[in-house]
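Okay, so here's the structure we're looking at.
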Amino acid sequence: MGGRMVAEYRPEIIEPKWQKYWEEHKFYQTDEKKDKKYYVLEMFPYPSGRLHMGHMRVYSIGDVLARFLRMRGYSVLHPMGWDAFGLPAENAAIERGVHPAEWTYSNIETMKKQQKALGISYDWEREVATCDPDYYKWTQWLFLLLYKRGLAYKKKAAVNWCPKCETVLANEQVEDGKCWRCGEEVGVKDLEQWFFRITDYAERLLQDLKLLSGWPQRVRTMQENWIGKSEGALIRFSVQNSGQEIPVFTTRPDTIYGVTYLVLAAEHPLVEELIAGTEYEKEVRAFVEKTRKLSEITRTSTEMEKEGVFTGAYCLNPVNGTAVPILVGNYVLMSYGTGAVMGVPAHDQRDFAFAKKYNLPIRVVITPKDVALKAEDLTDAYIDEGILINSAHFDGMPSEQAREEIIKYLEAKGWGERKITYRLRDWLISRQRYWGTPIPVVYCEKCGTVPVPEEELPVLLPKNIQFTAGGKSPLAQCEEFIFTKCPACGGEARRETDTMDTFIDSSWYFFRYTDAKNETAPFAREKADAWMPVDQYIGGIEHAILHLLYSRFITKVLHDAGYTSAIEPFTRLLAQGMVNKDGAKMSKSKGNVVSPDEIIEKYGADTGRVFILFAAPPEKDLDWSDRGVEGSYRFLHRVWRLVDRYADAVQAPSNRVPDEEDLALRRAFHGALKKVTEDIEERYNFNTAISAIMEAVNAAYSYVNSKGEKIHPGVMKEALEFLVLMLAPFAPHLGEELWQRLGHQESVHLQSWPQYDEKALQVSEVEIVVQINGKVRGRLQVPVGLDKEAVQKLVTAEAQIARHLAGKEIVKVISVPDKLINLVVR
RNA sequence: GCCGAAGUGGCGGAACUGGCAGACGCACUUGACUCAAAAUCAAGCGGGGUUCGACCUGUGUGGGUUCGAGUCCCACCUUCGGCACCA
């Protein structure tokens with residue numbers, strides 16, 4: 001260590017100095033030896049160009065934890081990498097003629113420099129970029145693993161299509177009918193695409209949410225809603241004069257006797273068969289055509305008028321043999337349940353409206369206890385629980401019980417069975433884009449679909465490629481890529497030209513960090529087991545479903561295949577809030593953008609970090625305040641001056657017995673240490689941790705102002721050392737510089753977190769609050785540990801308080817030792 | 001419609017298990033230093049009231065429990081977030 005000491009706080013000098021020092025000494029390389037291990041991870045960024053304040057916030061949070069835990073004696077894994085595949089790189093290629101790889105790697109270089117300028121303690125030896133063949137080779141391996149386990153399959157389906165991104169999207173990636181990335185309205189296309197069978201894991205993904213007590217309730221609820229479990233029954237209706245059966249899913253089997261019609265989705269495979277050659281053929285076909293043309297958004301909108309058309313066919317209600325008409329309706333979705341619903345207008349609001357519109361019969365089968373409902377009196381459906389009527393031998397049964405009994409009855413008769421349905425659908429992973437991981441599959445005329453053998457991975461992205469807007473996917477036009485030999489028979493074959501959804505790249509990267517340089521496997525199990533699951537994951541709430549659900553799924557697949565003992569990837573999750581300015585999200589169009597660069601340049605990284613952590617608790621949105629930053633800058637200056645001024649004086653021998661003031665200073669710093677430790681460790685309240693440090697600094701100024709030359713060197717030295725140690729995780733450069741100023745040779749970041757002394761916190765006197773009938777009437781200095789009676793004696797002797805007692809009778813005395821006494825008077 | 005979170009000074013926020021509401025910071029006011037300003041240091045800072053000792057009032061609204069409620073219970077209002085013809 002070394003370097004010239006400067007007299008003023010000059011972040012522009014000390015920050016680069018220490019960054020260089022840390023880099024040269026490979027300071028933050030992961031120490032794998034200790035038993036106490038902790039994995040701190042911030043969501044890796046997409047290399048879009050430059051860091052924004054959201055990045056600065058998430059890295060600052062992670063870095064405080066990483067540095068604190070190292071001081072607490074943990075081996076900390078704190079890596080960083082790049083979610084480097086994605087559309088913007090390709091758009092840059094189209095717009096500016098730069099190759100996506102070049103654009104991406106140059107952005108990575110810039111952003112990495114910025115991260116270093118923030119003083120974040122990453123282990124750069126483990127850096128990964130998902131667009132690197134050494135990485136995507138293993139993403140392809142992961143695809144093959146899912147393929148082998150029957151979890152990757154290809155099917156033709158109506159899929160979400162973003163016309164602007166010119167690719168398909170998974171359901172999770174459509175928000176409000178719009179593309180999650182570009183906001184364009186999403187349409188529908190019939191395409192043959194690759195899917196991951198995430199629905200096989202629906203129940204486990206739901207159940208294991210219970211294990212995630214370290215996640216915000218909000219995120220767990222969102223995932224629960226997304227998975228959307230419903231329990232009910234599958235009931236088969238047979239079509240009259242035909243051998244066909246129509247299965248329907250219902251959560252209300254107790255209303256089975258109230259069915260008066262059946263509705264099929266426009267896409268239902270039976271529609272064509274039912275109408276072929278009948279007088280209804282033309283009308284129904286026109287209706288189906290019209291419905292199918294509607295986009296998903298209009299079709300699923302609540303305001304959408306419910307329309308339907310009769311097919312001419314009837315089916316039989318299995319429980320009572322009643323023939324009910326079959327219709328085709330625009331509100332029934334082929335993708336949920338069975339694509340067919342039973343209509344129970346008396347007990348379902350939608351069915352009620354539909355039945356009224358088309359004059360379908362309404363049959364009441366559930367009634368509240370005391371009132372007898374009549375179909376003709378209903379103005380709305382009766383959707384609540386009740387007692388069954390008009391339901392054969394189930395009459396008089398409460399609906400809740402009837403649901404169970406009717407399922408049993410259906411099962412016994414073979415008409416249906418218990419059934420659970422999920423809203424979650426399989427994960428569509430094909431993308432018609434270039435800048436992504438190629439799907440490692442070839443199509444051979446003889447052998448059909450053949451996965452590329454593991455030893456032939458990676459299937460490399462060709463470098464030489466044409467980018468033009470509005471065309472086909474670039475890979476689909478690249479002959480050098482397409483034509484290949486079949487790995488099975490050696491004959492002519494064509495490669496799959498779709499690439500994988502980039503969410504696959506990011507659904508396993510946290511495993512790769514544990515063994516980033518492994519050339520023979522994605523990661524060694526023992527390395528992964530040493531670190532996984534991630535102890536603390538930090539990132540934006542926008543990934544509450546997408547990335548976090550996918551990562552949970554992939555982790556479970558890896559677990560089932562024996563590659564990891566982890567069943568969940570992230571033990572604790574911190575969803576950090578956004579960084580706003582003037583109450584709105586920072587955006588170029590609003591002109592309210594503040595960049596990390598300008599903050600570093602003007603005040604230094606330490607000031608920016610302290611402000612961002614001090615302004616709000618991490619999970620809340622934060623309003624950027626230029627004045628507030630000034631305040632943090634002032635605070636660091638204040639710390640600097642205090643330490644600089646007394647650094648030499650405190651080296652003097654301490655031969656004086658500490659007096660009251662000395663002890664008070666000691667108490668202030670031990671108290672602050674206690675609070676800071678608890679705030680970081682237990683509650684992640686960095687804002688209150690910093691405020692506790694500020695209070696301690698204020699106490700130190702009061703002390704030196706009062707003591708002048710007569711400060712106690714030993715007590716002051718301890719105070720300054722505590723101060724620098726406590727501040728080091730927040731302001732790491734200033735910490736280093738001041739630690740050196742205090743005469744230490746070794747880095748502050750290699751020190752142990754100090755331990756507060758319970759004895760130093762002890763006081764001889766305390767101020768207790770005196771209440772009369774619960775109102776504060778005074779305060780009193782009393783010796784610590786004084787009992788209730790003695791306090792009461794002291795209190796009643798006080799003139800200020802005695803006034804309130806005059807002519808009254810004390811009926812009750814409540815005492816909280818060393819804190820409060822409340823006299824209840826009448 | 002269903003589910004969830006949150007409402008505290010001029011502002012960001014604090015108050016951990018029911019026990020001094022407003023820590024800490026910003027802004028503002030005053031004083032010291034200065035020729036002056038900045039910086040720094042010191043003091044004040046919810047509202048009302050004042051004989052400067054009080055006292056009253058105050059954490060979205062209305063009730064309740066309690067010696068005591070920002071904190072617990074009930075009802076409501078507002079804001080934000082998620083899900084939503086899901087059968």
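Numbers restart at 1 for each chain; the letters A, B, ... are given by sequence-line order, proteins then strands. When reading the values below, keep in mind they use all heavy atoms of this one structure, side chains included, and skip hydrogens, waters and symmetry mates.
You'll find the side chain of A/Pro11 stays beyond 4.5 Å of the side chain of A/Thr607, heavy atoms only. The shortest distance between side-chain heavy atoms of A/Thr255 and A/Met342 falls below 4.5 Å. Within the 4.5 Å cutoff, the side chain of A/Val676 has no heavy atoms near those of the A/Phe722 side chain. Side-chain contact between A/Tyr257 and A/Asn317: absent, with no pair of heavy atoms (C-beta onward) separated by less than 4.5 Å.
In A/Ile383, the CD1 atom is not crowded: 12 or fewer heavy atoms of neighbouring residues, nucleotides or ligands sit closer than 6.0 Å. More than 12 heavy atoms of other shown residues, nucleotides or ligands fall within 6.0 angstrom of atom NZ in A/Lys707.
For A/His347, the ring-ring contact (aromatic ring centres under 6.0 Å, His included) criterion is met by no residue, not counting sequence neighbours. With sequence neighbours left out, A/Gln217 forms a side-chain hydrogen bond (donor to acceptor under 3.5 Å, both in side chains) with A/Arg220, A/Thr221.
In this structure, A/Glu417 pairs ionically with A/Arg236, as a charged nitrogen and a carboxylate oxygen lie closer than 4.0 Å. Using a 4.0 Å cut-off between a side-chain N of Lys or Arg and a carboxylate O of Asp or Glu, A/Arg418 and A/Glu231 do not qualify as a salt bridge. The pair A/Glu385-A/Arg403 counts as a salt bridge, with a side-chain nitrogen and a carboxylate oxygen less than 4.0 angstrom apart. Of the charged side-chain nitrogens involved, at least one lies within less than 4.0 Å of a carboxylate oxygen, so that A/Glu307 and A/Lys290 count as a salt-bridged pair.
Nucleotides B/G58 and B/G22 are separated by 16 Å at their P atoms, to the nearest Å. Nucleotides B/A39 and B/U34, compared at atom C1', are 11 Å apart to the nearest Å. Spacing between B/G9 and B/G46 at atom P, rounded to whole Å, works out to 13 Å. B/U66 and B/A43 have their P atoms separated by 44 Å, given to the nearest Å. A distance of about 12 Å separates the C1' atoms of B/G18 and B/C67, rounded to the whole Å. Annotation: B/C45 and B/C33 have their P atoms spaced 24 Å apart (nearest Å). Atom name P, nucleotides B/A84 and B/G19: the rounded distance is 41 Å, in whole Å. Comparing B/U50 with B/A42, their P atoms are spaced 34 Å from each other, to the whole Å.
Using a 4.0 Å heavy-atom cutoff across all strands shown, A/Gly228 reaches no nucleic acid atom at all. Contact annotation for A/Thr250: backbone-only contact, meaning every heavy-atom pair under 4.0 Å involves sugar-phosphate atoms and none involves a base. Nucleic acid contact class of A/Arg627 (heavy atoms, under 4.0 Å, all strands): sugar-phosphate only. Looking at heavy-atom distances under 4.0 Å, A/Glu224 makes no contact with the nucleic acid at all.
Checking B/C85, B/G19, B/A87 against every side-chain atom of A/Tyr331, the shortest atom distance belongs to B/C85. Nearest nucleotide to the side chain of A/Met694, out of B/A87, B/C55, B/C24: B/C24. Of the candidate nucleotides B/G81, B/A87, B/C24, B/G81 has the atom nearest to the side chain of A/Arg218. Considering only side-chain atoms of A/Thr221, the nucleotide from B/C24, B/G81, B/C3 that sits closest is B/C3.
The nearest whole Å value for the distance from the CD1 atom in A/Ile690 to the P atom in B/C26 is 13 Å. For the pair A/Phe611 CZ and B/C26 C1', the computed distance is 9 Å after rounding to whole Å. If you measure from atom CH2 of A/Trp226 to atom C1' of B/A84, you get 11 Å, rounded to the nearest angstrom. Between the CZ atom of A/Arg634 and the C1' atom of B/C41 there is a distance of 13 Å, given to the nearest Å. Rounded to a whole Å, the CZ atom of A/Phe635 is 14 Å from the P atom of B/U40. The distance between atom CD of A/Glu630 and atom C1' of B/C28, rounded to the nearest whole Å, is 16 Å. Atom-to-atom, CH2 of A/Trp624 to C1' of B/C26 comes out at 14 Å; the value is rounded to the nearest Å. With rounding to whole Å, A/Asn171 atom CG is found 15 Å from B/A84 atom C1'.
If you look at A/Tyr261 and A/Phe354, their ring centroids are closer than 6.0 Å.
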Reading nucleotides 7-16 of chain B from 5' to 3' and marking B where a protein heavy atom lies under 4.0 Å of the base, S where only the sugar-phosphate is that close, and - otherwise, the string is -----BSSSS
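Contact annotation: A/Arg350 reaches the phosphate of B/C86 (side-chain N/O to OP1 or OP2, under 4.0 Å). Within the structure, every side-chain polar atom (N or O) of A/Arg641 is placed at least 4.0 Å from both OP1 and OP2 of B/A39. In this structure, A/Lys775 reaches the B/U57 phosphate: one of its side-chain N or O atoms is under 4.0 Å from OP1 or OP2. Contact between the side-chain N/O atoms of A/Arg777 and the OP1/OP2 oxygens of B/C56 is found at a separation under 4.0 Å.
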Scan nucleotides 42-46 of chain B against the protein and return all N/O pairs shorter than 3.5 Å with their distances rounded to 0.1 Å.
{"from": "B/A42", "atom 1": "OP1", "to": "A/Asn705", "atom 2": "ND2", "distance (Å)": "3.0"}

Protein and nucleotides 63-73 of chain B: nitrogen or oxygen contacts under 3.5 angstrom:
{"from": "B/C67", "atom 1": "OP1", "to": "A/Lys812", "atom 2": "NZ", "distance (Å)": "3.4"}
{"from": "B/C67", "atom 1": "O2'", "to": "A/Asn822", "atom 2": "ND2", "distance (Å)": "3.4"}
{"from": "B/C67", "atom 1": "O2", "to": "A/Asn822", "atom 2": "ND2", "distance (Å)": "2.4"}

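In this structure, A/Tyr633 and A/Tyr9 have tilted ring planes: the angle between them lies in the 30° to 60° band.
Checking A/Gln217 against A/Met342, the closest nucleotide of RNA chain B that is more toward the 5' end is the one next to A/Gln217.
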Annotated structure of RNA chain B as dot-bracket, pair cut-off 3.5 Å, Watson-Crick or G-U only, | for inter-strand, is (((((((..(((......[....))).(((((.......))))).(((......)))..(((((..]....))))))))))))....
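Relative to the ring axis of A/Tyr331, A/Arg350 does not place its NZ or CZ within 45° and under 6.0 Å from the centre.
The glycosidic torsion of B/G7 lies more than 90° away from 0, which places this base in the anti conformation.
No hydrogens or angles considered: a donor-acceptor pair under 3.5 Å links the side chains of A/Asp679 and A/Thr688. Side-chain contact of A/Arg638 with A/Asn698: a donor-acceptor pair under 3.5 Å is present, judged by distance alone.
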